[in-house]
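Right, one structure below, let's go through it.
Per chain, numbering begins at 1; letters A, B, ... match sequence-line order. Values below: every heavy atom of this structure, side chains too, minus hydrogens, waters and symmetry copies.
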Number of protein chains: 2
Amino acid sequence: MAIDRTTEAAWTTLVTTGRRLHDAVGARLKAAGLPPLDWYDALWEIEKAGEGGLRPLELESRLLLPQYGVSRLVDRLAKAGLVERRACPDDRRGQVLHLTAEGREMRATIWPVYEAALTDHIAARMPRQDRLRLVRLLQTLDPGDLSQT
Amino acid sequence: MAIDRTTEAAWTTLVTTGRRLHDAVGARLKAAGLPPLDWYDALWEIEKAGEGGLRPLELESRLLLPQYGVSRLVDRLAKAGLVERRACPDDRRGQVLHLTAEGREMRATIWPVYEAALTDHIAARMPRQDRLRLVRLLQTLDPGDLSQT
DNA sequence: AGCATATGGATGCATCTGCATCAATATTGA
DNA sequence: TCAATATTGATGCAGATGCATCCATATGCT
């Protein structure tokens with residue numbers, strides 16, 4: 001028995017418009033000479049964490065990255081002078097991430113471009129009510145937090 | 001003026017559930033010892049093209065890949081003996097792609113696993129009516145076919 | 001016809017990702 | 001207290017991707 005057509009349609013439109021939207025927004029950043037979206041996401045999570053900084057483990061769960069992905073993303077951010085790895089006082093295996101002044105500056109520089117792209121691609125194309133409906137529908141589809149059977 | 005909360009929510013839920021779902025389904029294939037989703041998509045497009053085969057250019061527009069991405073994906077598929085590149089009669093620069101018998105077999109082997117994953121992750125979690133609503137909403141968000149401003 | 005330009009597709013190089021594993025420190029339990 | 005195990009984060013290696021460019025053929029223009 002073949003799969004339902006609406007299931008297939010939901011699958012393909014979800015995956016492709018998700019990817020296309022992501023690419024389109026990413027392209028805006030690149031066109032503005034800015035770093036990629038992951039950088040923004042990481043900077044933002046670290047900045048939101050405030051004074052206490054953020055453990056890489058936390059970043060791993062907030063972003064959609066495997067452990068080694070975080071490790072290397074942080075490498076690049078640190079090499080670019082945007083993030084600082086500090087020793088973690090509670091756990092000598094661990095670290096705590098903090099933004100540098102440049103990191104905060106970069107985050108603030110990226111945001112308006114990012115925001116404009118979201119406005120153009122989402123807010124301008126879909127009324128508020130539909131955005132809410134979409135979010136509710138999507139939430140019922142989200143698989144558990146990590147990889148599952 | 002800050003961006004609307006629903007716009008942000010739509011953005012993040014769309015991108016993250018899209019990616020999670022894609023990862024979850026991909027993980028099913030891997031768990032079954034099967035090749036990744038792109039392979040399936042390419043095989044399926046080529047198979048659907050039928051007797052006449054498919055030009056790489058067509059594949060490029062149907063899948064969400066840049067030109068060199070198609071070139072290399074086809075490399076791998078050909079190396080695995082699933083796809084054959086034939087000379088294109090009309091245009092000596094071009095090629096026409098065809099599935100080998102093994103390619104058809106592989107496509108057919110992957111499908112039940114893929115289908116089961118879609119059923120579990122989509123059909124089982126969301127009623128038909130909502131799937132339709134979701135598709136309609138997503139369609140209004142799809143950026144133009146390729147990269148745009 | 002003959003040259004400029006456009007198109008289909010491949011590829012060298014740098015970067016990024018996935019996988020497996022490692023080293024260092026923490027935690028558990030006898 | 002000490003060994004077994006778990007956890008944090010890094011890394012060597014192979015494979016994948018992005019970017020720019022290249023080659024070969026097609027098309028357009030004069």
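- The listed nucleotides are D/dG9, C/dA26, C/dT17; the one nearest the side chain of A/R92 is C/dA26.
- As rounded to whole Å, 8 Å separates atom P of C/dG9 from atom CD of B/Q67.
- In terms of position on DNA chain C, the residue among A/G69 and B/Q95 whose nearest nucleotide sits closer to the 5' end is B/Q95.
- Put simply, NE2 on B/H22 is 16 Å from P on C/dT17, counting in whole angstrom units.
- The interatomic distance linking B/L73 (CG) with C/dG9 (P) rounds to 14 Å, in whole Å.
- Checking the phosphate oxygens (OP1, OP2) of C/dT17, a side-chain nitrogen or oxygen of A/R76 falls inside 4.0 Å.
- For B/R55, a side-chain nitrogen or oxygen approaches OP1 or OP2 of C/dG9 to under 4.0 Å.
- Connection of B/L57 to B/L73 is not established within any shared hydrophobic cluster, with ILVMFWY side chains joined at heavy-atom distances below 4.5 Å, either directly or through further cluster members.
- Among the atoms of the strands shown, base atoms are found under 4.0 Å from some heavy atom of B/R72.
- Look at CD on A/E60: it is 15 Å from P on C/dT17, rounded to the nearest Å.
- At a cut-off of 3.5 angstrom, the base of D/dT7 holds at least one donor-acceptor pair with the side chain of A/R93.
- Residues A/L134 and B/L134 form a side-chain contact, since some pair of their non-hydrogen atoms from C-beta on lies under 4.5 Å apart.
- With contacts defined as side-chain heavy-atom distances shorter than 4.5 Å, the pair B/D41/B/L64 does not qualify.
- Taking the six-membered ring for Trp and thresholds of 30 and 60 degrees, B/Y114 and A/W11 have ring planes more than 60 degrees apart, a perpendicular arrangement.
- B/T17 pairs in a side-chain contact (heavy atoms from CB on, under 4.5 Å) with only one of the listed residues (A/V15, A/T140, A/L138), which is A/L138.
- Picking from D/dA10, C/dG18, C/dG9 the nucleotide with the shortest atom distance to the side chain of A/P66 gives C/dG18.
- Both A/W39 and B/K30 lie near DNA chain C, and the one whose nearest nucleotide falls closer to the 5' end is A/W39.
- The 5' end of DNA chain D is approached more closely, in terms of each residue's nearest nucleotide, by A/P56 than by the other of B/D90 and A/P56.
- Following rounding to the nearest Å, B/L37 (CG) and C/dG18 (C1') show an atom-to-atom distance of 16 Å.
- At whole-Å resolution of the value, CG in A/D23 and C1' in D/dT17 are 12 Å apart.
- Between the C1' atom of C/dG9 and the CG atom of B/D91 lies a distance of 10 Å, rounded to the nearest Å.
- The distance from atom OH of B/Y68 to atom C1' of C/dT7 is 18 Å, rounded to the nearest whole Å.
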